[in-house]
Amino acid sequence: MEDRKIRVAITHGDTNGIGYEIIFKTFAVPAMLELCTPIIYGSPKVAAYHRNALGVQANFTIINSAEDAHPGKLNLLTTFEQEVKVELGSPSKEAGTAALDALERAVEDYKKGLLDVLVTAPINKNNIQGEGFNFCGHTEYLEQRIGDGGKSLMILLNDMMRVALVTTHLPLKDVPQAITKERIVEKARIFNASLKRDFRISNPRIAVLALNPHAGDDGLLGKEEQDVIAPAIKELSDSGVYAFGPYAADGFFARGSYESFDGVLAMYHDQGLAPFKALDRGDGVNFTAGLPLVRTSPDHGTAYEIAGKNMADESSFRQAVYLAIDVFRNRAEYDEPLTRPLGKLYHEKRDDSEKTRFNVPKKNEKN
């Protein structure tokens, strides 16, 4: 790993959206190729179509295997051979199938150890549905495919805050019954572990939001805070997780209270993402925590309305690449001392000899 750059797999997403545009714009900056070896999982024909439609200079090298990726170049790995009709700005089943083909190939290559991190361009959650994908999004799909039984956590972050979600893509009517003490504790612990390992924060402080307006007003507007959320926070605190709350979401964001915490745990999708995106400056990133694979994506969708018009802002996608690289390095740095703790201990004593390790004097035996 030390003798090569980090391999960043990039799935092209919905072929009728802005995926290729933000990828091309991101790697048009030469310095990006010095940071990593990018591998686009997609189609040379579709990529060329987008390049011509945008009228931009975008050079890429076609490869047949991730093992053939060239450092210093934008590599494109062909994930399907069939013709795909590109209809910029319009959702189609073909575009969904093409997105899934790229995602499936990237996952298989990860399992083979051929890539290091994954950055996904936006998909259309509706037209990608079908055999092999019956999920609400990338997060749920990756949890099942590579989670090894572990649970994932969606985190949206930028320079101002990190917002994680207890529930993700659920209809609002189903949220209250999905908010359980066990689920809050589970997600908070994943969040806490990620803040330590992925972001190198020694003692993370996590703010837990309430579910109801005004944090339930002592049960007047709902009892979830008293019956579920507060007990979960107590259990977390008792186990050594620095969790605080529950805080009413409106005042919490309006007062800028998020600045006092390392992470914010929201109960449902729009409770966390609406204020996050309202305060975001266009460089937010979606990060999937809790999985062995580092996966990031921009915090926006396919943007059909501007597809092919050379109007897309690549800032969020570029930050997603940066974050994937940073987290990969942070994990390696965090894990390294844990690989040989005894060896590390003896090394620090400047004595790795067999005498030091095994020839321990018996009680009452003179040295």
Visitor: Heavy-atom distance under 4.5 Å between the side chains of E235 and R189, does that happen here?
Guide: yes
Visitor: Could you pull out the closest heavy-atom pair between I155 and A164, with the gap in Å?
Guide: CG1-CB, 4.0 Å
Visitor: Looking at NE2 of H12 and CD1 of I22, how far apart are the two atoms once the value is rounded to the nearest 0.5 Å?
Guide: 12.5 Å
Visitor: After noting the C-alpha distance and the side-chain angles of L157 and N286, does the key distance pass the side chain to side chain contact (heavy atoms under 4.5 Å, CB included) rule?
Guide: CA-CA 7 Å; L157 63 130; N286 182 348; over 6 Å; no
Visitor: If we ignore angles and hydrogens, is there a donor and acceptor under 3.5 Å between the side chains of T302 and N16?
Guide: no
Visitor: Go through Y49 and Y20 one step at a time and tell me if the side chain to side chain contact (heavy atoms under 4.5 Å, CB included) criterion holds.
Guide: CA-CA 10 Å; Y49 185 97; Y20 277 105; over 6 Å; no
Visitor: Would you say that K181 contacts R183 through its side chain, given a criterion of any heavy-atom pair below 4.5 Å between the two side chains?
Guide: no
Visitor: Under 3.5 Å, is there a donor-acceptor pair between the R295 and T288 side chains?
Guide: yes
Visitor: Under the criterion side chain to side chain contact (heavy atoms under 4.5 Å, CB included), which of I18, L54, N310 is the partner of K25?
Guide: N310
Visitor: Following the transitive rule for hydrophobic clusters with a side-chain heavy-atom cut-off under 4.5 Å over Ile, Leu, Val, Met, Phe, Trp and Tyr, establish whether I10 and L76 coincide in one cluster.
Guide: yes
Visitor: Mark yes when over 12 heavy atoms from residues, nucleotides or ligands other than N64 sit less than 6.0 Å from its CG; otherwise mark no.
Guide: no
Visitor: Start with the C-alpha gap between R7 and E67, add the side-chain angles, then the distance that decides, and say whether salt bridge (Lys or Arg N to Asp or Glu O under 4.0 Å) holds.
Guide: CA-CA 10 Å; R7 290 188 175 184; E67 296 172 299; over 6 Å; no
Visitor: Check whether any side-chain heavy atom of T120 sits under 4.5 Å from a side-chain heavy atom of L118, and report yes or no.
Guide: yes
Visitor: Can you tell me if E143 uses its side chain to pair, donor with acceptor, with the backbone of K151 under 3.5 Å?
Guide: no
Visitor: So which heavy atom on Q271 is nearest to which on F253, and how close?
Guide: O-CE1, 4.0 Å
Visitor: Working to the nearest 0.5 Å, report the span between OG of S237 and CD1 of I233.
Guide: 7.0 Å
Visitor: For the pair F261 and Y247, evaluate ring pair (Phe, Tyr, Trp, His ring centres under 6.0 Å) and give the outcome as yes or no after the intermediate values.
Guide: CA-CA 12 Å; F261 296 91; Y247 299 103; 5.7 Å; yes
Visitor: Please examine the side chains of H300 and P122, heavy atoms only from C-beta on, and report whether any two atoms are closer than 4.5 Å.
Guide: yes
Visitor: Can S316 and R318 be counted as having a side-chain donor-acceptor contact under 3.5 angstrom?
Guide: no
Visitor: Give a yes or no answer on whether the side chain of R51 reaches the backbone of A58 with a donor-acceptor pair at less than 3.5 Å.
Guide: yes
Visitor: Side chain of D313, backbone of S315: donor and acceptor closer than 3.5 Å?
Guide: yes
Visitor: Could you walk me through whether H70 and N75 pass side chain to side chain contact (heavy atoms under 4.5 Å, CB included), step by step?
Guide: CA-CA 7 Å; H70 303 278; N75 300 276; 3.6 Å; yes
Visitor: Same cluster or not: are I206 and F276 linked, directly or through other Ile, Leu, Val, Met, Phe, Trp or Tyr residues, by side-chain heavy atoms under 4.5 angstrom apart?
Guide: no
Visitor: Given V107 and Y141, is the side chain to side chain contact (heavy atoms under 4.5 Å, CB included) satisfied, shown in steps?
Guide: CA-CA 10 Å; V107 167; Y141 167 84; 3.9 Å; yes
Visitor: With M267 as reference, evaluate I184, V228, T167, N212 under the side chain to side chain contact (heavy atoms under 4.5 Å, CB included) test and give the passing residue.
Guide: I184
Visitor: How close do L265 and A188 get, counting heavy atoms only, and between which atoms?
Guide: CD2-CB, 3.9 Å
Visitor: Is it the case that over 12 heavy atoms from other parts of the model lie below 6.0 angstrom from the CG atom of D174?
Guide: yes
Visitor: When rounded to the nearest 0.5 angstrom, what is the spacing between CD1 in I6 and CG in L115?
Guide: 12.0 Å
Visitor: If we count only N and O atoms by modelled type, under 3.5 Å, do the side chains of S260 and R205 hold a donor and an acceptor together?
Guide: no
Visitor: How about N158 and D280: does a side-chain donor come under 3.5 Å of a side-chain acceptor?
Guide: yes
Visitor: Would you call the rings of F199 and F287 parallel, tilted or perpendicular if under 30° counts as parallel and over 60° as perpendicular?
Guide: perpendicular
Visitor: Once you round to the nearest 0.5 Å, how far does OG of S257 lie from CE of M161?
Guide: 11.0 Å
Visitor: If two hydrophobic side chains count as joined below 4.5 Å and joins carry through other members, does I146 share a cluster with I39?
Guide: yes
Visitor: Parallel, tilted or perpendicular: which describes the rings of Y242 and F244, with under 30° parallel and over 60° perpendicular?
Guide: parallel
Visitor: Between E336 and R331, is the closest basic N to carboxylate O distance under 4.0 Å?
Guide: no
Visitor: Do the side chains of I201 and K196 get nearer than 4.5 Å, heavy atoms only?
Guide: no
Visitor: Go through the side-chain N and O atoms of H50 and E21 and say whether any donor and acceptor fall under 3.5 Å apart.
Guide: no
Visitor: Apply salt bridge (Lys or Arg N to Asp or Glu O under 4.0 Å) to K277 and D299, showing your working.
Guide: CA-CA 8 Å; K277 293 190 176 185; D299 71 343; 5.4 Å; no
Visitor: Can any side-chain N or O of T78 pair as donor or acceptor with the backbone N or O of F80 at less than 3.5 Å?
Guide: no
Visitor: Regarding N124 and Y304, do their side chains bring together a donor and an acceptor under 3.5 Å, going by distance alone?
Guide: yes
Visitor: With a 6.0 Å cut-off (strictly less than), is the heavy-atom count around CD of E305, excluding the residue itself, greater than 12?
Guide: yes
Visitor: Mind running salt bridge (Lys or Arg N to Asp or Glu O under 4.0 Å) on R145 and E104 for me, showing each step along the way?
Guide: CA-CA 9 Å; R145 288 297 311 276; E104 289 276 6; 2.6 Å; yes
Visitor: Does the side chain of L74 reach to within under 4.5 Å of the side chain of I40, using non-hydrogen atoms?
Guide: yes
Visitor: Hey, is CD on Q82 packed in by over 12 heavy atoms from elsewhere, all under 6.0 Å?
Guide: yes
Visitor: Output yes when R105 and D109 qualify as a salt bridge under the 4.0 Å nitrogen-oxygen rule, no when they do not.
Guide: yes
Visitor: Is there a side-chain contact between V117 and V8 (heavy atoms, below 4.5 Å)?
Guide: yes
Visitor: Do other residues, nucleotides or ligands put more than 12 heavy atoms under 6.0 Å from K234 NZ?
Guide: no
Visitor: Out of curiosity, D116 CG to Y110 OH, how far, rounded to the nearest 0.5 Å?
Guide: 10.0 Å
Visitor: Tell me the closest heavy-atom pair linking H269 and H169, and the distance in Å.
Guide: CD2-CD2, 4.0 Å
Visitor: What's the shortest heavy-atom distance between C36 and P38, and which atoms?
Guide: O-CD, 3.4 Å
Visitor: Tell me the closest heavy-atom pair linking I123 and G13, and the distance in Å.
Guide: CG2-CA, 4.1 Å
Visitor: What do you reckon, is CE of M311 surrounded by more than 12 foreign heavy atoms closer than 6.0 Å?
Guide: no
Visitor: Hey, could you give me the OG1/CD1 distance between T296 and I325, rounded to the nearest 0.5 Å?
Guide: 9.0 Å
Visitor: Hey, are the side chains of M160 and R281 touching, using non-hydrogen atoms and a 4.5 Å cut-off?
Guide: yes
Visitor: So, applying side chain to side chain contact (heavy atoms under 4.5 Å, CB included) with Y268, which one of L211, L209, T168, L170 is it?
Guide: L211
